[in-house]
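All chains are named by letter (A, B, ...) in the order of the sequence lines, taking the proteins before the strands, and each is independently numbered beginning at 1.
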Number of protein chains: 2
Amino acid sequence: MSTMREQIIDTTSTLLEAQGYHATGLNQILAESGAPKGSLYYYFPQGKEELTAAAVEQSGKITAERIRAGLATFEDATEAIQSFVHTIAYHVEASGFSSGGPLMIVAMETVNSSERLNNACREAYGLLLDAFQEKLVMNGQTEARATQLATFIISAIEGGTILSRVHHSGNPLRQVAEEIGLFLQSVCKG
Amino acid sequence: MSTMREQIIDTTSTLLEAQGYHATGLNQILAESGAPKGSLYYYFPQGKEELTAAAVEQSGKITAERIRAGLATFEDATEAIQSFVHTIAYHVEASGFSSGGPLMIVAMETVNSSERLNNACREAYGLLLDAFQEKLVMNGQTEARATQLATFIISAIEGGTILSRVHHSGNPLRQVAEEIGLFLQSVCKG
DNA sequence: GTCTATACGGTGATAGAC
DNA sequence: GTCTATCACCGTATAGAC
């Protein structure tokens, strides 16, 4: 349908990812997306908050899809997840350390100031968790165990992404990938 | 010395922690610290950036100290670290999910916009890493191995903190604590 | 060292013509 | 659906009296 609406969301995602929520102005979004201010409020009557919620929601779905696709390249969950984290390390470097979509930074910036965005982020993280959890269940873990493992894995990835961005290097994420591999190996044996 | 300067830094740390860098205004810092605007620019001639750098620097030192103190309560590194992460989970809940000092959010918000703050955050993370690394070396790990393990542990904690804040629950961090415990147990055996 | 007043830019948002 | 003009507000920063 309206490609303008999607263009606005995509530009918003990119800017949020690189700058964060409060540093990203509507004017900048308008300028970079080529959209007129009039139509932004036509598509998103509730302004910045609604637009950001849409960006987070879309980002959650896309990221979950990428996780599923990435994990599908190996049958073994340990191999698949370790390899996937290495892929993230590469992408963080390739993107100039902008990395991982708007989710993490929007989540941090808005936990205490917007219930709507907090909910959007919580649901998005839920989608990511499901993607990892499924793979672990397919490899023989119980649902409950897989959920806890997925929480741990996502935590390590998010934290590793922060360190990689701060250090302007994919290495922290690569170290995380190695350790997650070791960990899953020992877990899947036992 | 000047207690006013420290008061300003402390207030800044608290606000940064809860709201982030771009959402925290100088006016708010002044109002809550009781400091006059005139004296803010007297103590921090370079304004917000300098003040934030000071807050991050102080927060790094204090947090590293807390880590050392926390890890000292158990001789065994695995027990010590697992217990410490549980403590963090408790603090995140008790603080109304404000958690962990200004470091993580300032790091995320300013990676691409301020070299000075990026450096301050990198150094602060270095201090935290040292604190974990030492404990692991004391428990028989090689320096290199301990460094990589510490990177992994910090990553998991930072990521777990995000999830705990987003979910308004200490549980994600508690799950991280459990898995880190399992992991270190298997690592320290082999 | 501290206080007040102020400058100037950018913010999100709205109104109304087209 | 789109564009322009304009709004009130808040951000950081500065100047100058005290």
Side-chain angles (χ1 to χ4, degrees), chain A residues 1-56 102 105-106 108-110 112-118 120, chain B residues 1-56 102 105-106 108-110 112-118 120:
Chain A
M1 310 293 174
S2 66
T3 181
M4 187 80 262
R5 193 190 129 98
E6 287 168 19
Q7 177 59 36
I8 294 174
I9 293 179
D10 288 344
T11 303
T12 301
S13 286
T14 305
L15 291 174
L16 288 176
E17 189 175 3
Q19 305 174 337
Y21 181 73
H22 289 101
T24 299
L26 259 20
N27 294 327
Q28 190 184 10
I29 293 172
L30 263 10
E32 301 210 8
S33 68
K37 185 170 261 185
S39 69
L40 190 155
Y41 279 94
Y42 171 78
Y43 291 113
F44 306 95
Q46 292 160 315
K48 189 180 185 180
E49 196 178 19
E50 183 180 4
L51 169 57
T52 304
V56 166
I105 188 156
V106 172
M108 288 291 299
E109 282 187 82
T110 64
N112 296 315
S113 59
S114 163
E115 202 178 325
R116 176 177 194 167
L117 290 176
N118 183 27
Chain B
M1 311 291 175
S2 66
T3 180
M4 188 80 262
R5 194 189 128 99
E6 288 168 19
Q7 176 60 36
I8 294 173
I9 293 180
D10 288 343
T11 303
T12 302
S13 287
T14 305
L15 291 174
L16 288 175
E17 189 175 3
Q19 304 173 337
Y21 181 72
H22 290 100
T24 300
L26 259 20
N27 293 328
Q28 190 184 10
I29 293 172
L30 263 9
E32 301 211 6
S33 68
K37 183 169 263 186
S39 70
L40 189 154
Y41 279 94
Y42 171 77
Y43 290 114
F44 305 95
Q46 291 162 313
K48 189 179 184 177
E49 197 178 19
E50 184 180 4
L51 169 56
T52 304
V56 166
I105 188 154
V106 171
M108 287 291 299
E109 282 188 83
T110 64
N112 296 316
S113 59
S114 164
E115 201 178 326
R116 176 176 194 168
L117 290 176
N118 183 27

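No hydrogens or angles considered: nothing links the side chains of S13(A) and E17(A) as a donor-acceptor pair under 3.5 Å. Between the side chains of Q19(A) and T24(A), at least one donor-acceptor pair of N or O atoms lies under 3.5 Å.
Note that the CD atom of E50(B) and the OH atom of Y41(B) stand 10.5 Å from one another [nearest 0.5 Å]. A distance of 8.0 Å separates CG of N112(B) from CG of N118(B), quoted to the nearest 0.5 Å. The distance from the OG1 atom of T12(A) to the NZ atom of K48(A) is 10.0 Å, given to the nearest 0.5 Å.
Of the two residues contacting DNA chain C, namely A35(B) and H22(A), the nearest-nucleotide position lying further toward the 5' end is that of A35(B). Each of K48(B) and G38(B) was assigned the nucleotide of DNA chain D with the nearest heavy atom; the assignment lying further toward the 5' end belongs to K48(B). Mapping Q28(A) and P45(A) onto DNA chain C via the closest heavy atom, the residue that lands nearer the 5' end is Q28(A).
Distance from the side chain of Y43(A) is smallest to dT2(D) among dT12(D), dA13(C), dT2(D). For K37(B), the listed nucleotide lying nearest its side chain is dT4(C); candidates were dT2(C), dT2(D), dT4(C). Of the candidate nucleotides dA13(D), dT2(C), dG12(C), dA13(D) has the atom nearest to the side chain of Y41(B).
Per the geometry, CG belonging to L15(A) stands 12 Å off P belonging to dT11(C), to the nearest Å. Remark: P of dT14(C) and CG of N27(A) are 14 Å apart, rounded to the nearest angstrom. Per the geometry, OH belonging to Y21(A) stands 10 Å off C1' belonging to dG12(C), to the nearest Å. Atom pair L30(A):CG and dA13(C):C1' shows a separation of 12 Å (rounding to whole Å applied). Taking atom CZ of F44(A) as the reference point, atom P of dT14(C) lies 16 Å away to the nearest angstrom. Between the CD atom of E49(B) and the C1' atom of dA13(D) there is a distance of 14 Å, rounded to whole Å. As a whole-Å value, the separation of M4(A) CE from dG1(D) P is 12 Å. Atom pair E50(A):CD and dA13(C):P shows a separation of 11 Å (rounding to whole Å applied).
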